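Predicted, not measured: the structure shown is a model, and the values here were computed from it. If you read the sequence from its start, that first residue is 1, and numbering goes on from there.
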Amino acid sequence: MRSGDSQTMEARQLFAPPEEAKDDTLMQRVAQRDGAAFKVLVGRHAARPHRIAWRMLGDGAEAEDVTQEALMRLWKVAPDWRAQGAPVSAWLARVATNICLDRLRRKARISDEAVPERADEAPLADEALLIDEKRQAVIGALGLLPERQRAAVVLTYYEEMSNASAAEMLGMNVRAFESLLARARRALQSLLVENGNG
């Protein structure tokens, strides 16, 4: 592609409607405090940090708070955003993970209590009830894991990240991450067995 062609494409992106623009272009607009561009980014990417936070913290209200905090940090960092750096989705996932880890550490200092299990009040068939009980047992056991082990499980199994991506998100090398994940799986299995769900 000739240099003039790439400049023309960049100009088209800058003036395209926000919903058609690429994330890096939207970040350029957000750097200029374009609310419409930010709204499009939120629509595209808010679900992932929310999922991570809900699974790590086990609380819908806290997940909302974490998501909002991650999005506010995205708004603040926009003037310094580097195009072709980490994608917006990966950046938000990393920030949300770090916020969750901070909250879990703070909670651990304040209280030794486990994350409470959520009661499902909807009427269910016997088979669905068993599946839900197992899911709840896993969620409860997940809440008892140390925060970095919990993050490793959430990023790998719930967010379906590769070990390399999850390791990068936690600031670890892949080998150390794999060791952390193996310890997390063993601890999770042990907790499930202890509670009669193994």
Report, one line per pair, each donor and acceptor closer than 3.5 Å where one atom sits in a side chain of residues 160-178; sequence neighbours left out.
from : atom 1 : to   : atom 2 : distance (Å)
S162 : OG     : S165 : N      : 3.1
S162 : OG     : S165 : OG     : 3.0
N163 : ND2    : E178 : OE2    : 3.3
N173 : OD1    : R175 : N      : 3.1
N173 : OD1    : A176 : N      : 2.6

- Item | Verdict with supporting geometry, W81 and V30, side-chain contact (heavy atoms from CB on, under 4.5 Å) | CA-CA 10 Å; W81 187 261; V30 173; over 6 Å; no
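- A cation-pi geometry, defined here as NZ or CZ lying under 6.0 Å from the six-membered ring centre and within 45° of its normal, does not hold between R73 and W91.
- Checked options L92, V88, L26; the residue passing with R44 is L26 (criterion: side chain to side chain contact (heavy atoms under 4.5 Å, CB included)).
- Taking all atoms of both residues into account, the shortest heavy-atom contact from A187 to Q149 is CB-OE1, 3.8 Å.
- When all heavy atoms of A96 and A70 are compared, the closest pair comes out as N-CB, 4.5 Å.
- In the model, Y157 has a side-chain atom that pairs as donor or acceptor with a side-chain atom of R185 under 3.5 Å.
- Using a 4.5 Å cut-off on side-chain heavy atoms (C-beta onward), V153 and R55 make no contact.
- Counting all heavy atoms, side chain and backbone alike, C100 lies closest to A53 at SG-CA, 3.5 Å.
- Atom CD in E69 sits 13.5 Å away from atom CD in E64 (nearest 0.5 Å).
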- Task: Show the numbers, then the answer: is there a side-chain contact (heavy atoms from CB on, under 4.5 Å) between T25 and R29?
- Result: CA-CA 6 Å; T25 303; R29 293 179 182 185; 4.2 Å; yes
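- The backbone N or O of A63 lies less than 3.5 Å from a partner atom in the side chain of T67, making a donor-acceptor pair.
- We find the CD-NZ distance between Q28 and K22 to be 11.5 Å, quoted to the nearest 0.5 Å.
- L74 has its side chain out of reach of H45: every pair of non-hydrogen atoms, C-beta onward, lies at least 4.5 Å apart.
- Taking 4.5 Å as the limit, every side-chain heavy atom of R94 sits out of range of all side-chain heavy atoms of S89.
- Taking OG1 of T97 as the reference point, atom CD of E159 lies at 8.0 Å (rounded to 0.5 Å).
- Rounded to the nearest 0.5 Å, atoms CD (E62) and CE (M56) are 11.0 Å apart.
- Of the charged side-chain nitrogens involved, none lies within less than 4.0 Å of a carboxylate oxygen, so that R106 and E147 do not count as a salt-bridged pair.
- The shortest heavy-atom contact between L192 and A141 is CD2-CB, 4.0 Å.
- Residue L145 comes nearest to L188 through the heavy atom pair CD2-N, 3.9 Å, listed as atom of the first residue, atom of the second, then distance.
- Distance CD/Q68 to CD1/I99: 11.0 Å, rounded to 0.5 Å.
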- Task: Kindly determine whether I52 and Y158 satisfy side-chain contact (heavy atoms from CB on, under 4.5 Å), including the steps that lead there.
- Result: CA-CA 8 Å; I52 290 169; Y158 290 98; over 6 Å; no
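- R150 places a side-chain N or O within 3.5 Å of a backbone atom of L142 that can act as its donor or acceptor partner.
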- Please assess V66 against R103 for the test side-chain contact (heavy atoms from CB on, under 4.5 Å), listing each intermediate value before the final yes or no. CA-CA 9 Å; V66 168; R103 286 178 179 232; 3.6 Å; yes
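- Summarising the geometry of L144 relative to L191, their closest heavy-atom pair is CB-CD1, 3.9 Å, with the distance given to 0.1 Å.
- R33 is listed as a side-chain neighbour of W75, based on a closest heavy-atom distance under 4.5 Å.
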